[in-house]
Peer 1: 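Dumping the structure here so I can ask a few things about it.
Treat the numbers as computed from the prediction; the structure is a model and nothing was measured.
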Amino acid sequence: KLAAILKYHVVSGSVKAGDALNAGSADTLQGGSVEFSIQDGLLKANDATIKTVNLDGGNGVIHVIDSVLMPPVDSEKEMNTSERTSGDPVDAITAAVSKGVPAFNSGDAEACAKIYRNCIESLSSSEKLDQHLRKALSRVLEMEGRYSSDVELAWYYRKALDATLISLSH
């Protein structure tokens, strides 16, 4: 994981700040891409503020940022794990939450929402849940259009998963 995080901070070639901004994004050695923009008058790389630009690094250009960039979670890979299985519902929810939380905390609310949604979709057709819980989870999926952001949707799904866990413990 550390190697992936470090590689996510490096792009191929010598890219000056102005060129990065003009390009809008750059592919990293990790495989993901970093978005460059100006927000509130500050040069940004994803959510990090670029504090110092165009330092000569000998073999490239260094830009100093104020926080660590976290590579995006591979949501397709994450969704093809245990929360898609027809195993124990508690295990499926626990697996989804353990994958969704790091995605959300690294700034990828969309991946988090997809992981949670996939789990809810799987549980809504699981014979291991009673009919009332399956219907309630199906209604959760029907109501998702009410949420305008991935952050809101991830929290909405998380609350549904938490409520399902509580129901299963009684």
Side-chain angles (χ1 to χ4, degrees), residues 1-81 83-84 93-121 137 139-165:
K1 283 186 174 187
L2 178 58
I5 292 169
L6 293 173
K7 288 179 180 179
Y8 189 64
H9 287 76
V10 180
V11 300
S12 184
S14 291
V15 182
K16 300 271 187 178
D19 296 331
L21 186 58
N22 287 336
S25 68
D27 293 330
T28 69
L29 295 183
Q30 177 268 345
S33 68
V34 174
E35 304 293 321
F36 300 99
S37 63
I38 294 183
Q39 297 174 15
D40 299 324
L42 301 172
L43 181 58
K44 304 288 255 183
N46 291 353
D47 293 327
T49 299
I50 301 174
K51 298 296 212 174
T52 306
V53 298
N54 302 335
L55 296 173
D56 181 11
N59 63 346
V61 178
I62 298 170
H63 309 289
V64 179
I65 58 177
D66 68 349
S67 62
V68 175
L69 301 174
M70 296 300 290
V73 174
D74 182 351
S75 58
E76 288 303 313
K77 181 174 124 187
E78 295 291 343
M79 288 189 293
N80 286 326
T81 57
E83 69 271 11
R84 270 202 181 222
I93 294 169
T94 303
V97 170
S98 71
K99 290 173 184 72
V101 167
F104 189 91
N105 288 343
S106 70
D108 198 348
E110 179 183 12
C112 176
K114 286 179 181 178
I115 292 165
Y116 291 169
R117 184 187 198 290
N118 189 62
C119 181
I120 291 169
E121 193 172 62
L137 291 171
R139 283 193 301 275
V140 165
L141 296 174
E142 292 168 6
M143 303 297 281
E144 68 189 5
R146 293 182 174 194
Y147 296 90
S148 59
S149 75
D150 292 326
V151 170
E152 290 176 342
L153 194 55
W155 276 111
Y156 170 66
Y157 289 149
R158 175 61 190 269
K159 289 176 185 175
L161 290 173
D162 290 347
T164 303
L165 273 177

Peer 1: Who pairs with S149 by side chain to side chain donor-acceptor pair (under 3.5 Å), at least two apart in sequence or on another chain?
Peer 2: none

Peer 1: Find the distance between NZ (K159) and OG1 (T164) and round it off to the nearest 0.5 Å.
Peer 2: 14.0 Å

Peer 1: Going from CZ on R139 to CG on L137, what distance comes out if it is rounded to the nearest 0.5 angstrom?
Peer 2: 9.0 Å

Peer 1: Counting only pairs under 3.5 Å, give me each side-chain donor-acceptor contact of residues 31-41, with atom names and distances, residues two or more places apart or in other chains.
Peer 2:
unit_1 : atom_1 : unit_2 : atom_2 : d
S37    : OG     : Q39    : NE2    : 3.2

Peer 1: Just verifying a value: how many Å separate Y8 OH and D27 CG, rounded to the nearest 0.5 Å?
Peer 2: 10.0 Å

Peer 1: With heavy-atom distances below 4.5 Å as the criterion, would you say the side chains of Y116 and V140 are in contact?
Peer 2: no

Peer 1: Quick check: do M70 and N105 have side-chain heavy atoms less than 4.5 Å from each other?
Peer 2: no

Peer 1: Hey, what do you get for CG (N46) to CD1 (I65), rounding to the nearest 0.5 Å?
Peer 2: 8.5 Å

Peer 1: Tell me every residue that passes ring-ring contact (aromatic ring centres under 6.0 Å, His included) with Y156, counting only those two or more places apart in sequence or in another chain.
Peer 2: Y147

Peer 1: Pair N118, E121 - check side chain to side chain contact (heavy atoms under 4.5 Å, CB included), show working.
Peer 2: CA-CA 5 Å; N118 189 62; E121 193 172 62; 4.2 Å; yes

Peer 1: Show me the side-chain donor-acceptor pairs of residues 9-23 shorter than 3.5 Å, one per line, residues at least two apart or across chains.
Peer 2:
unit_1 : atom_1 : unit_2 : atom_2 : d
H9     : ND1    : I5     : O      : 2.7
H9     : NE2    : L69    : N      : 3.0
N22    : ND2    : G18    : O      : 3.3

Peer 1: What is the distance from atom CG of D66 to atom OG1 of T49, rounded to the nearest 0.5 Å?
Peer 2: 4.5 Å

Peer 1: Going by the salt bridge (Lys or Arg N to Asp or Glu O under 4.0 Å) test, which pairs reach into residues 43-61, not counting sequence neighbours?
Peer 2: none

Peer 1: Using side-chain heavy atoms (C-beta onward) and a distance below 4.5 Å, is K7 in contact with T28?
Peer 2: no

Peer 1: Ignoring hydrogens and geometry, is there a side-chain-to-backbone donor-acceptor pair from D150 to A109 under 3.5 Å?
Peer 2: no

Peer 1: Which heavy atom of A103 sits nearest a heavy atom of C112, and at what distance?
Peer 2: CB-N, 4.0 Å

Peer 1: Please list, chain by chain and in numerical order, all residues satisfying side chain to side chain contact (heavy atoms under 4.5 Å, CB included) with T52, sequence neighbours excluded.
Peer 2: L55, V64

